[in-house]
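Read through the structure below, which is laid out as structure tokens, and then see the notes.
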4 protein chains.
Amino acid sequence: MAQEHTNVETLFANNMKTTSLSTKQQSVLQASLTLFAQKGYENTSTADIAKLAHVSEGTVFKHFKTKDGLLQAILQPFIQDIFPKVAGEFLVSLTNNTFDDFSSFLRFVVHDRMTYAMDNRQEMKIFITEMVKNPTILKNLTSELGALLQNGVDSLFDVYKQRGQLVDWDAMRIIRIVSGVIVGYLIPNIIMSDKPLDVDQTTTEVCEFLLEGLQPR
Amino acid sequence: MAQEHTNVETLFANNMKTTSLSTKQQSVLQASLTLFAQKGYENTSTADIAKLAHVSEGTVFKHFKTKDGLLQAILQPFIQDIFPKVAGEFLVSLTNNTFDDFSSFLRFVVHDRMTYAMDNRQEMKIFITEMVKNPTILKNLTSELGALLQNGVDSLFDVYKQRGQLVDWDAMRIIRIVSGVIVGYLIPNIIMSDKPLDVDQTTTEVCEFLLEGLQPR
Amino acid sequence: MAQEHTNVETLFANNMKTTSLSTKQQSVLQASLTLFAQKGYENTSTADIAKLAHVSEGTVFKHFKTKDGLLQAILQPFIQDIFPKVAGEFLVSLTNNTFDDFSSFLRFVVHDRMTYAMDNRQEMKIFITEMVKNPTILKNLTSELGALLQNGVDSLFDVYKQRGQLVDWDAMRIIRIVSGVIVGYLIPNIIMSDKPLDVDQTTTEVCEFLLEGLQPR
Amino acid sequence: MAQEHTNVETLFANNMKTTSLSTKQQSVLQASLTLFAQKGYENTSTADIAKLAHVSEGTVFKHFKTKDGLLQAILQPFIQDIFPKVAGEFLVSLTNNTFDDFSSFLRFVVHDRMTYAMDNRQEMKIFITEMVKNPTILKNLTSELGALLQNGVDSLFDVYKQRGQLVDWDAMRIIRIVSGVIVGYLIPNIIMSDKPLDVDQTTTEVCEFLLEGLQPR
DNA sequence: TATGAATGAGCTTTCATTCAT
DNA sequence: CATGAATGAAAGCTCATTCAT
């Protein structure tokens with residue numbers, strides 16, 4: 001089962017071409033991404049960004065207007081475009097691929113999301129930090145993502161529920177548990193970004209446990 | 001089964017008396033706690049703290065020397081005293097109370113830790129934010145807490161394993177799963193601190209799932 | 001005997017052009033020079049400098065980074081460039097001009113150095129103050145200047161010693177005495193900068209005495 | 001010829017007893033003396049003084065009112081009491097001791113003043129620094145000391161002038177030259193206070209030169 | 001008399017942002 | 001479009017001085 005996970009960086013590149021960002025502006029965005037992830041938003045000065053992007057201080061503001069505009073330029077595609085798009089893509093690939101049983105389905109889901117998170121560590125770190133600081137983002141995301149998932153996932157789950165491979169719980173409760181366990185495993189790894197994490201092994205470990213709890217007796 | 005959970009605020013108050021902090025200094029600490037949790041460390045100015053504490057700017061620095069000193073004064077007892085102490089206390093109360101079965105044991109653990117976290121939301125929020133910014137804290141804490149737990153918990157788990165109520169996995173794996181699920185449930189609640197969370201109901205929900213996965217068939 | 005003494009202010013101007021300091025930055029430097037000389041380094045605030053230079057507070061730090069950087073920008077050319085350059089120039093003009101006798105030679109030396117000092121009072125005053133505060137400067141300068149002079153002066157003195165116009169003492173001893181007397185005359189005048197000092201008359205007075213002590217009987 | 005030079009520290013102690021300074025206040029004064037000499041007046045905080053004196057911050061101000069009061073308490077006896085007193089004492093000891101010739105007289109003077117300066121390095125260093133910063137002190141001192149010396153010294157010099165051992169110059173000119181040479185030798189040693197200076201040898205060296213210039217041919 | 005917590009004005013420095021070139 | 005000098009508000013911090021105990 002070939003799985004083409006979506007890298008945010010690639011989508012970024014596309015986005016940049018779409019909005020026709022000049023080379024300099026692209027390097028400004030890239031520098032911001034690096035520094036925000038490394039030192040945090042508040043501890044990064046626009047002068048730092050200019051230096052790393054090999055660009056004048058004025059150029060930093062030419063396109064993105066303010067420092068916050070720069071942050072939004074990084075976060076917004078995450079929230080408005082990429083996240084839902086990825087989620088949609090994900091759902092599509094989910095519905096297209098017919099899994100033999102819930103076990104295969106779960107393995108795919110866990111492995112895919114973990115790979116996605118590990119591939120976009122930098123952005124994720126900024127995202128998490130900003131979420132902690134500004135919970136509104138989380139709220140919006142939760143509701144937006146929730147609505148998107150609820151519609152698509154319900155029917156997906158029903159298949160396995162009918163086959164007796166999945167416990168008959170509310171779809172959101174199942175999602176919360178699965179994502180909770182995944183998040184519990186991932187967060188330390190995203191934050192302490194030196195450690196690499198073996199996605200395959202972790203997937204096996206996580207699934208073994210989840211299956212126990214999610215399969216009806 | 002009476003359960004006296006430990007509130008960090010209470011320990012703070014004791015700490016303050018021990019180090020004999022003046023009334024004004026206590027209100028400085030309290031103001032810092034509030035503002036750091038509300039707006040984050042970097043977005044809180046020492047002038048803000050002084051104003052909220054009804055104190056002059058100089059007073060903020062008289063005792064705590066630097067703004068970072070203020071942060072440390074909030075975090076350090078968390079890391080060096082309270083966390084291990086709480087963990088120790090927790091283990092003692094665990095060994096003293098004899099639980100009828102693993103189910104009761106798990107309910108107690110989950111309920112107790114959730115209550116603790118919800119009672120100390122403010123400090124927790126600051127703690128989480130700083131952990132994201134400075135992962136070294138997380139590393140230290142993980143190893144320190146890990147060592148502490150490994151010693152005491154192994155024997156505790158053995159009882160239930162022998163009775164056939166607990167799956168025969170590595171103790172650390174069990175802990176990681178349990179805390180992972182708890183964290184997964186809690187973090188959104190701590191961050192979006194307006195929402196209250198029904199500890200009793202959440203405990204039931206979490207335990208129901210965990211027991212499925214952790215009890216051998 | 002034409003004597004072209006070197007004015008530090010002129011060299012400053014050249015330096016400024018070399019490092020292409022903007023007009024505003026030049027006035028910052030000029031204001032610092034004036035105020036440091038007038039009120040001393042510690043008693044001059046960067047706000048004072050900004051006000052006198054008709055410049056914003058930020059501009060003071062844009063180029064010179066710190067207040068100490070400003071001091072160094074004033075002192076460094078003195079130590080690293082101008083002093084040795086002047087000393088070198090001085091030696092060259094000394095060897096080029098053939099003096100009829102030791103008396104003429106001494107008159108030239110005393111007059112030239114006194115004029116130089118009086119022309120650069122402001123810088124000298126800052127220099128002296130900083131030297132008192134930080135003796136390391138003096139040590140470095142002494143050794144650096146000492147090495148420079150020893151080499152060149154020995155041969156110059158030999159001429160007059162052979163003619164029987166100069167006492168056969170160690171060159172450094174002679175220099176220490178001559179400069180000691182000059183310094184003894186000058187320091188009060190540099191410090192109390194309102195008093196003008198008649199260089200010609202003082203030269204006569206100083207030389208009359210020095211000649212008595214330095215000519216063999 | 002026994003020579004009892006006057007140590008400022010001794011006079012300080014007497015002064016303290018006279019004005020009945022408490023033990024704590026004495027240590028405050030001593031700490032100020034040490035720190036002002038070491039780091040300069042502006043770079044010494046009253047908290048530093050309190051710490052070194054093992055005294056509370058309030059105590060520093062109890063007697064001396066302001067930080068400047070502390071400086072004056074150190075400098076004033078130098079200017080108003082000790083300097084003139086020492087000068088007077090010096091003149092008395094000069095008139096009491098009958099010297100065989102001008103050479104002996106000069107040796108005594110040079111040796112005595114050099115010893116005095118070296119024995120009171122700390123106070124001298126503060127004195128010099130403050131003089132550079134605030135030239136008024138120098139002006140006052142010069143005139144005060146000038147008047148004092150002129151009266152007493154004229155007659156002293158006359159003796160040697162009549163004997164043909166001293167050139168017939170204005171007394172002030174002779175004093176300026178002698179003190180100029182002494183100062184030229186001493187200042188580097190006072191500022192770079194680690195170097196000890198051999199008073200005896202320096203006296204010989206200085207006198208040898210001065211005698212050449214000051215004895216009539 | 002001695003203490004030391006409290007004060008608040010003032011200091012140096014940073015930084016997002018603007019604008020003439 | 002890009003530049004970088006200039007800006008000025010605001011930050012963290014220091015320190016001489018006061019005053020209730």
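Atoms considered below: every heavy atom in the structure, side chains included; atoms not considered: hydrogens, waters and symmetry mates. Numbered from 1 within each chain, the chains take letters A, B, ... in sequence-line order.
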Report task. Measure the distance from CD on B:Q25 to P on E:dG4 and round it to the nearest whole Å. Result -> 15 Å

Query - Contact check, side chains of A:F36 and A:T129, non-hydrogen atoms, under 4.5 Å - result: no

Report task. Check whether any side-chain heavy atom of C:L71 lies under 4.5 Å from a side-chain heavy atom of C:I126, and answer yes or no. Result -> yes

Query raised in the report: Base, sugar-phosphate, or nothing: which does C:V55 touch, judged by heavy atoms less than 4.0 Å apart?
Result: sugar-phosphate

Query raised in the report: Does the side chain of A:K67 come within less than 4.5 Å of A:Y41's, by heavy atoms?
Result: yes

Query raised in the report: How many Å lie between NZ on D:K39 and C1' on F:dT14, as a whole number?
Result: 12 Å

Query raised in the report: Which whole-number value in Å describes the distance from B:E42 CD to E:dA16 P?
Result: 12 Å

Query - Atom-to-atom span, CG of C:D48 to P of E:dT12 - whole angstrom - result: 8 Å

**Report entry** Any B:V28 side-chain heavy atom under 4.5 Å of B:K62 side chain
**Finding:** no

Query raised in the report: Is the shortest heavy-atom distance from the side chain of B:L29 to the side chain of B:Q25 under 4.5 Å?
Result: no

Query raised in the report: Which part of the nucleic acid, if any, lies within reach of D:T23 when heavy atoms closer than 4.0 Å are counted: base, sugar-phosphate only, or nothing?
Result: nothing

Report task. State, with a plain yes or no, whether a side-chain heavy atom of A:K24 is found less than 4.5 Å away from one of A:H63. Result -> no

Requested in this report: Can you see which heavy atom on B:F64 is nearest to which on B:L21, and at what distance?
Outcome: CZ-CD2, 4.0 Å

Requested in this report: Report yes if some heavy atom in the side chain of A:I128 is under 4.5 Å from a heavy atom in the side chain of A:K125; otherwise report no.
Outcome: no

Query raised in the report: A:I49 CD1 to E:dT14 P: how many Å, rounded?
Result: 17 Å

Sub-3.5 Å pairs of nitrogen or oxygen atoms, protein against nucleotides 17-20 of chain F:
unit_1: F:dT17; atom_1: OP2; unit_2: D:K67; atom_2: N; d: 2.8

Query raised in the report: When rounded to the nearest 0.5 angstrom, what distance separates OG1 in A:T59 from CD1 in A:I49?
Result: 12.5 Å

Requested in this report: Starting from C1' on F:dA16, measure out to NE2 on D:H63 and report it in whole angstrom.
Outcome: 18 Å

Requested in this report: Report the distance from atom CG of B:L70 to atom P of F:dA11, rounded to the nearest whole Å.
Outcome: 15 Å

Query raised in the report: Quick one: A:F64 CZ to F:dC1 P, roughly how many Å, whole number?
Result: 12 Å

Query raised in the report: Which comes earlier along DNA chain F counting from the 5' end, the contact point of C:H54 or that of D:N43, where each point is its nearest nucleotide?
Result: C:H54

Query raised in the report: Looking only at side-chain N and O atoms, does D:S56 come under 4.0 Å of OP1 or OP2 in E:dA5?
Result: no

Requested in this report: Have a look at C:T59 and say if it touches a base, only the backbone sugar-phosphate, or nothing, with a 4.0 Å heavy-atom cut-off.
Outcome: base

Report summary line: Side-chain contact check for D:K24: nearest option of E:dT3, F:dA2, F:dA6 is E:dT3

Query raised in the report: Can a side chain N or O of A:S22 be found less than 4.0 Å away from OP1 or OP2 on F:dA2?
Result: yes

Query - Pairing stems for DNA chain E [at least three consecutive pairs; Watson-Crick or G-U; under 3.5 angstrom] - result: E:2-21 with F:2-21

Query raised in the report: So, B:T46 and B:E57: side-chain donor and acceptor under 3.5 Å apart, yes or no?
Result: yes

